[in-house]
Every structure is written in C-alpha cells, then in structure tokens.
S.K.: 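Structure below; questions to follow.
The model shown is predicted, which means the values in this text are computed figures rather than measured ones. All chains are named by letter (A, B, ...) in the order of the sequence lines, taking the proteins before the strands, and each is independently numbered beginning at 1.
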Protein chains: 2
Amino acid sequence: MSPLTAMYRESAQAPEVVARQLAENAISAVRIGGLLRQLNPRVVITCARGSSDHAATYAKYLIETYTKTITSSAAPSVASVYDASPDMRGTLFIAISQSGRSPDLLAAVAGARERGAYVLALCNSTDAPLAAAADALLPLWAGPEASVAATKTFIASLSALAQLLASWTQSRELVNAVSRAPEELARAWACDWSAAVPLFASASNLFVIGRGFGLGVAQEAALKLKETCAIHAEAFSAAEVKHGPMTLVREGFPVLMLSQSDETRAGLQSLAEEFAGRRARVATAGFAIPEGLALPAIAAHPVIEPLLLIQSFYALANAVALARGLNPDAPPHLNKVTETV
Amino acid sequence: MSPLTAMYRESAQAPEVVARQLAENAISAVRIGGLLRQLNPRVVITCARGSSDHAATYAKYLIETYTKTITSSAAPSVASVYDASPDMRGTLFIAISQSGRSPDLLAAVAGARERGAYVLALCNSTDAPLAAAADALLPLWAGPEASVAATKTFIASLSALAQLLASWTQSRELVNAVSRAPEELARAWACDWSAAVPLFASASNLFVIGRGFGLGVAQEAALKLKETCAIHAEAFSAAEVKHGPMTLVREGFPVLMLSQSDETRAGLQSLAEEFAGRRARVATAGFAIPEGLALPAIAAHPVIEPLLLIQSFYALANAVALARGLNPDAPPHLNKVTETV
C-alpha cells in the first residue's frame, strides 16, 4: 500500500504538533488554569460538532473526574434554533472547533457570553471568528490540515484539554503525564496495526467500543471509519452497547475495542470475551483475549492512552481506506469546513 | 403479515397508558412542579440507559427550552467506575428506568442524593429499588411489558416528562398540549406506514434523522430497528450528520426523517432534498419532498408530535421485523432487564 496520503502525513505530525503546543501554550494554560480555580464554575458546558465533539466527550470525563464539576454537552439546536437562553453566570463554556467558523457554534458562543459564561475556545485557526469571540483562547498549533479527515487537529484538541486540566487542578501527576505525551505519541505511531487491515477492509458494519476516558476516541475512530473507509461504524460505551445494540453482534460481526489502563478495562475485557464467544471478529487494543486479534498499544497514564490509541488507529484507517480503493483525504460529499445553522 | 406480537399489542396500548398516567399523576406532577419552581435548580442532570436515555434526550430539549435550565446527561461511568463525586447541591437529578434495577443507575442515584441532589425517578415498576431510592417518583403506569422491545414504556416516559414540564412551568399551552396527547396517540396508531415496509425490509444499514424535540425519538427509532429488525440503524441530528456521517448516504442508502412542526423543519427538509438528489431512498414523516416516500403524520403541538411519530413508527418496526422473519419480542442476546455496572 502507498501510505502517502495527506491523512498519513498529517497523522505522523501529531507528536511534534503536541510538543510545540505544550511549549507554546504553557504560560496561557497556567494563566487560564488559575482563572478557572478562581471562577470555580458551577457547571461546564462544551459546544462542538463532529470530531471536536468527540474531544468534548473526552473533556467531560476529564473535568468531571478531576475537578468534580458537572459537564454538559450543549445542544446547539436549543441556542441556534429554539432561541432558548439559560442563565450562564458562573459557568465555563468550552467551544472546540478546528476551523472556528460554523455559524451555529458562533451563535452559541455569542449567546453564552451575553448570558454571563466565561468562554474558552480551542481552535486551530487563530484568526478565526471563534478566536475573536472568546474570553480566552488555547490555539491548537497543529498547522495546516489538508485532509478532510481531521487527525492531528483532533489529537491536538485532546492534548490541549489534558494540559488545561493539569494546570487547572495543579496535579503533579497530570503535569507529568502530559509532558510525556509527545514521546509516547511517536511510539504509538510506530505501533503496527496492519494485521487488522483484512478484518476492516472486508467490513461493511462495525462497532467501536470504549468507556470513560476512552469513549471519545472510540467515537472518533467510528467517525473516521465512516469518512475515510465508507464503513458504517458506530461507537458505544461498554455499558450502553448492552442495552440493545449488541444484538447486532453475531458471528463474523467486527468489533474494535479501545481500552486505556484503568477501572474500565475489566468490563471491556469481559465484553470482548462475550462477543468472541458468539464468534464475532474482535480486535482489541490495550488488552488481549484468546480468540481476538490483539493490537499493540503503548502503556502510559490512562488520561494519555486514548491519544495513543487513536494515533495508532489513524495509520490503520488510512491503510484500510487504500485497501478499499478509497482516497481518505477526499470523502464524497464532505468539505473540510462544515457550516451548520 | 401477522401483527399479533407482544410488541404490537403493547404499542397499541400507549394511548390508554398515557390517558391513565396523566390522570393518576396529575396531583403528583403539580406538587413536584411546585417543588421544582422553589428549588429553581442550577442544573438538571439526567441519568438513564438505552431507550430511557433517549427519553432523557427529549427531557434535555424540553427543560432547556421551557425552563432555560442547563441539562446534562450523566456519565454513569464517572459515578460507578471512576468514583468521582461532584457537588450536586441545588441540582435536580432525573433518573429514568423502566425496571429501576440496574446497579450503575442505582449507584449514581445514591451518590447524587448523598451529594445534595433532589432525585426524581421516572419508573414503571413502583416496587423497584429506584422508586425507594428517590426523593420523588413519577410512575409510568404502563403496566406489564413482555416484549424485550420497550414501546409503551418509552412513550410513557415522554408523556410523564411533558406533564412534568407543564406543571413546572405552569404553561397553559403545555397543559393543553399534554391533555390532547392520548387522543392524538390513538390517531397516530391508525396512521399507516406500511408503504415503507419494502424499503426497510431490504435494508442492512439506515440513518434516522431528527432534531431538537424530535432527536430523542430518532435515537429510539434507530435502536428499535437494531433490536427488532437486525438493521444497523444510527440516529443523527440534522446538523451533526453533516459533520462526517453523511458521506455514507449514497444511491440507495435508506434514510428516515422524523420531523415535528417547529423551527427545525426547514433544515430537515433541505437535507432530505440533498439526500434525494444523491438518489438515496428517503422516507419522511411530517413533511414531503417530491422524490421521497411521505409517511402520514398527525399535526399537533411540536412537543407532542415526537410521541406521535414514534407511535406510528412502532407498527412499522413490528411489520418490518416480521417481513424479515424475525420475532421482535425476543431479539438475540438481549434480556428485558439489562444490569450494567
């Protein structure tokens, strides 16, 4: 396979992107972290679409676990379509967008500020309208991304959130974990998942399972398989899939399990064994089961491991797209910047 | 087709279930509504799994639009797996469960009360542990449900939420809208969607699209197609689908659009036209497009129309399951009560 797509080249840049970002944003992150300790928000609201909304899923688990602050995903429809206007005094509103240009996001941000929220933007384009509309900005520092499939910008969203949480909580453990991310990302990029290419290349449907800190990257992997490989992949938490969806998991049905090393792992492992017992085709990263295909994973802090799992996955998605005769950089009917109202 | 499954019989009971519920809960709903006006919660947290979580999606749009209170879907993992414990004083915690027995839900409810939340349970089994663990209970009054596929209990969750919001906001408009629901549900049950059976019976993949008040029933329709028809159906908002997933919508790809009569309709209609322009197979309820299959829908208040759309849909799902040779009452690998940790 010829891996020299923009998606492949841009994924490969993630380690250096994150290293630059951590250095460039170090002072801002400390400043914003201090502001957030002062603000002590009564609730955090995230607002994002697509891959950025999967970064928001990661943010929710990080913020609720480490700061014990309730974190809600905004319904942009309520703001942009129904014109509802909750009181947002004392709230932190985090807007995540690679382009920073979608009208529904900008309307939600303007409304949130008007109603008293402190708005933090995570954005790759520092000259975007979103950057100007926010109280504070954490640039992603990912550089230009030509592939329609977001890769390095998604990982940069996660690392920016992890750095923010380390500063906000002043946790030595998180600071250390974040500082090791660039080197670990480079090792994750070297992990070879190509043993899974035949499984994915022949799939028309697929489930991606994660939980907790890893749920956001499971969502992202599923979206990437849709966009770049034309596979109908859907993500579930290891708990939610049991409440109905797993009836589809029969003999031959492909399932990808992405597991970070924390309290959620045992549940994923027993679910993997249950699916393998039905002769589903199960690929696992982070643990192994006898009847499954074990993909190599880098051991790190459980908050960083999701970044490493998705980084290893990107090379696989690129290879699967090429094996299916598709160009991952230009999926049908999609543009790089999507504007919704 | 022989429609005499438990799913069919139980769906048919929804109008009388809702009529009984509105009468039986009338006094409780007024009392709880008054308590909520006093509490004036700083945030609402919903906690649910499966179909009940789709009722929680409906709750979020209702509460944010009509009370302007930020509403967050709880991550049961954070409570039950990571043992995080946010301060919940001044919050309303709504737990929705047909059975009221899943350990993760009960752990989340116990934790929420300990940390100061006011816990309201919506539950069909009034002798369930959930009913005993809550500060207040709104029983669903749906009676026994034998089919694994939740139908009348799901609609009863939505009607209980709508009645609660009417009492909470003391909105004459909502009170009137809710009071008309039983009669409108009976008319929705008489709407014949069987023209869509061939489209669905031959499908292996499908998207269900809704937005705003109708997003929760779009999620529910997708889950029901998985459970009862073994179709990989996935739900999206009309905005979110544009951020990647719609690349899968090509010639022949089936899409079901469920639309209530409000500000979201124009967006669904233009999306339906775009998909039909790609020669996707589009079925619409609530509006019609020239190249689509228009399914009959009852005009009502936009807060009630989602209940009517899913009620009409249930007869279709039952017929599609039978057309595919499946028993909708007993999907493989599923039990009526799912217990997750």
S.K.: Have Thr57(A) and Gln219(A) got a donor and an acceptor in their side chains that come within less than 3.5 Å?
M.R.: yes
S.K.: Can a donor-acceptor pair be found, under 3.5 Å and without considering hydrogens, that links the side chain of Ser72(B) to the backbone of Thr71(A)?
M.R.: yes
S.K.: Counting heavy-atom pairs closer than 4.5 Å to chain A, which one of Lys242(B), Met246(B), Lys224(B) comes out on top?
M.R.: Lys242(B)
S.K.: Roughly how far apart are Trp168(A) CH2 and Asn40(A) CG, rounded to 0.5 Å?
M.R.: 8.5 Å
S.K.: Taking the side chain as every heavy atom from C-beta outward, state whether Lys60(B) and Ser73(B) have any pair of such atoms under 4.5 Å apart.
M.R.: no
S.K.: I'd like to know which of Asn205(B), Val43(B), Leu215(B) tops the heavy-atom pair count under 4.5 Å against chain A.
M.R.: Asn205(B)
S.K.: Relative to each other, are the rings of Phe213(A) and Tyr66(A) parallel, tilted or perpendicular (30° and 60° limits)?
M.R.: parallel
S.K.: Residue by residue, scan residues 88-96 of chain B and write down, ordered by number, those that have a heavy-atom distance under 4.5 Å to chain A; if none do, write 'none'.
M.R.: Met88(B), Thr91(B)
S.K.: Check for a donor-acceptor pair, side chain of Arg324(B) on one end and backbone N or O of Thr228(B) on the other, with a separation under 3.5 Å.
M.R.: no
S.K.: Quick one: of Ser51(A), Ser204(A), Gly244(A), who has the most non-hydrogen atom pairs under 4.5 Å with chain B?
M.R.: Gly244(A)
S.K.: Using non-hydrogen atoms only, which part of Ile231(B) is less than 4.5 Å away from chain A: side chain, backbone, both, or neither?
M.R.: backbone
S.K.: Arg278(B) versus chain A, heavy atoms under 4.5 Å apart: side chain, backbone, both or neither?
M.R.: side chain
S.K.: Measure Phe275(B) against the heavy atoms of chain A and call it side chain, backbone, both or neither at under 4.5 Å.
M.R.: neither
S.K.: Is it the side chain or the backbone of Val249(B) that comes within 4.5 Å of chain A heavy atoms, both, or neither?
M.R.: backbone
S.K.: What part of Leu271(B) lies closer than 4.5 angstrom to a heavy atom of chain A: side chain, backbone, both or neither?
M.R.: neither
S.K.: Determine the option with the most heavy-atom pairs under 4.5 angstrom with chain A, choosing from His333(B), Arg115(B), Arg42(B), His232(B).
M.R.: His232(B)
S.K.: Non-hydrogen atoms of chain A under 4.5 Å away: do they reach the side chain of Ala233(B), the backbone, both or neither?
M.R.: backbone
S.K.: Using non-hydrogen atoms and a 4.5 Å limit, figure out which bit of Ser52(B) sits close to chain A: side chain, backbone, both or neither.
M.R.: neither
S.K.: If the threshold is 4.0 Å, N to carboxylate O, is there a salt bridge linking Glu234(A) and Lys226(B)?
M.R.: yes
S.K.: Could you tell me whether the side chains of Glu227(B) and Thr247(A) share a donor-acceptor contact shorter than 3.5 Å?
M.R.: no
S.K.: Taking side chain as everything from C-beta outward and backbone as N, CA, C, O, which of these in Asp262(B) sits under 4.5 Å from a heavy atom of chain A? Side chain, backbone, both or neither.
M.R.: side chain
